[in-house]
2 protein chains.
Amino acid sequence: MSDLLERLRGRGWRLTAQRRVVAEVLDGDHVHYTADEVHARASERLPEISRATVYNTLGELVLLGEVLEVSTDGRAKRYDPNAHHDHHHLVCSQCGTIRDVHIESDPMSALPEPERFGFEVSEVSVTFRGTCPNCARA
Amino acid sequence: MSDLLERLRGRGWRLTAQRRVVAEVLDGDHVHYTADEVHARASERLPEISRATVYNTLGELVLLGEVLEVSTDGRAKRYDPNAHHDHHHLVCSQCGTIRDVHIESDPMSALPEPERFGFEVSEVSVTFRGTCPNCARA
DNA sequence: TCTTGACTTAGACATTGTCCAATGTAGGAT
DNA sequence: ATCCTACATTGGACAATGTCTAAGTCAAGA
Ligand SMILES: [Mn+2]
Ligand SMILES: [Mn+2]
Ligand SMILES: [Zn+2]
Ligand SMILES: [Zn+2]
């Protein structure tokens, strides 16, 4: 994700300590943190970082297409740095754990023209729900 | 939806005026109201109905499987009385309008066994996003 | 080093949803 | 028809998530 910082500088971003730690928190592969989880982890490295800055930075990364917003339940949105590889999500209904999954067919082609109602359809997301192995053992 | 009231009575529900108007508001086909929209519409018929009762009633209807909860964006959940016919959703990214859509392939079968990570997968939802004809004209 | 516009901060505010104690009532019992 | 009572409703406090603003700070080009 160090190239992310390069890309951002290329876009005219000021590279502040706050933006650096947010990028570092999102660095791990396959993480899906809420804004407040990002804030908590960022605060470990930079204790004075504010919630507003975390929200601002996440919003900017989403606009730039570097991070995806995922709303699985009606709870807090989750932020997904895996924005450059198409994938979908498998969510545990009990504990909320999210796994990235790859599917075999193109879901976009499953929507026939007459079912598009004149919309310009640009995006499709598939969310599988179930019980994870951990929760099943309980 | 009058048979809904029958089914509810069969389950031991007390048929109160509040529950009746909530059911009436949800009666129209293909509606996807937020809880507060249901409350606003219910208030037109029964001005003293409280937000708490609307939330309670919607939650109970969801538990009974009579209404589906739909979280498309990170905003308020929407309540979908079309619970007895499998369908998916097409959402306008700009105005939030939701249409019911039917797709051609079974998305559940698109998730290969090795991509299930030991989950017991029970449900799948497909959400298409785009621009509706109304918003495209602007 | 200076300057300046972009960035950050704290906290107020907004929206959505949950919870509780007090009050009301649907529907069975008499 | 009236009474009882467990279930339902109410208003408002509270919680979780997210947005906004005014004042202070700083990255980076001149
Ligand atoms: Mn992901
Ligand atoms: Mn629907
Ligand atoms: Zn789980
Ligand atoms: Zn629209």
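Values in this document were obtained by computation on a predicted structure and should not be read as measured data. Chain letters run A, B, ... following the sequence lines, proteins first, then strands; residues in each count from 1.
The side chain of B/Tyr55 contributes an N or O atom lying less than 4.0 Å from OP1 or OP2 of C/dG17. Listed pair A/Ser50 / C/dT8 fails the phosphate criterion, with no side-chain N or O lying under 4.0 Å from OP1 or OP2.
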At a cut-off of 3.5 Å, list every protein nitrogen or oxygen paired with a nitrogen or oxygen from nucleotides 24-29 of chain C, distance to 0.1 Å.
{"residue": "C/dG27", "atom": "OP1", "partner": "B/Leu15", "partner atom": "N", "Å": "3.1"}

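Comparing A/Val54 and B/Asn56 against DNA chain C, the residue whose closest nucleotide sits nearer the 5' end is A/Val54. Nearer to the 5' terminus of DNA chain C, by closest-nucleotide assignment, is the contact made by A/Leu46 (compared with the other of B/Ala76 and A/Leu46).
For A/Arg9 and A/Glu6, the salt-bridge test passes: some basic side-chain N is under 4.0 Å from an acidic carboxylate O.
To the nearest 0.5 angstrom, A/Arg99 atom CZ is 8.0 Å from A/Leu90 atom CG. Here CD1 of B/Ile103 is found 10.0 Å from CD of A/Glu115. Values are rounded to the nearest 0.5 Å.
The backbone N or O of B/His39 lies less than 3.5 Å from no partner atom in the side chain of B/Arg51, so there is not a single donor-acceptor pair. A donor-acceptor distance shorter than 3.5 angstrom exists from the side chain of B/Arg116 to the backbone of B/Leu111, with no hydrogens or angles considered. Proximity of a side-chain donor or acceptor of B/His87 to a complementary backbone N or O of B/His85 within less than 3.5 Å is detected. For A/Thr57 (side chain) and A/Val54 (main-chain N/O), no donor-acceptor pair under 3.5 Å exists by modelled atom type.
As rounded to whole Å, 15 Å separates atom P of C/dT15 from atom CG of B/Asp73.
When DNA chain D is scanned 5' to 3' for any atom under 4.0 Å from a heavy atom of chain B, the first and last hits are D/dA6 to D/dG11.
Side-chain rings of A/His32 and A/His89 approach one another, their centers coming within less than 6.0 Å.
Within a 6.0 Å sphere centred on NE2 of B/His84, heavy atoms belonging to other residues, nucleotides or ligands number more than 12.
Taking every heavy atom of residues 30-45 of chain A and every atom of DNA chain C, no pair lies under 4.0 Å.
The residue B/Arg51 sits close to a base: some heavy atom pair falls under 4.0 Å.
When the options B/Glu60, B/Glu66, B/Glu24 are evaluated for a salt bridge (charged side-chain N to carboxylate O under 4.0 Å, His left out) with B/Arg19, the one that passes is B/Glu60.
Remark: B/Arg78 fails to qualify as a cation-pi partner of B/Tyr33 under the 6.0 Å distance and 45° angle criteria applied to the six-membered ring.
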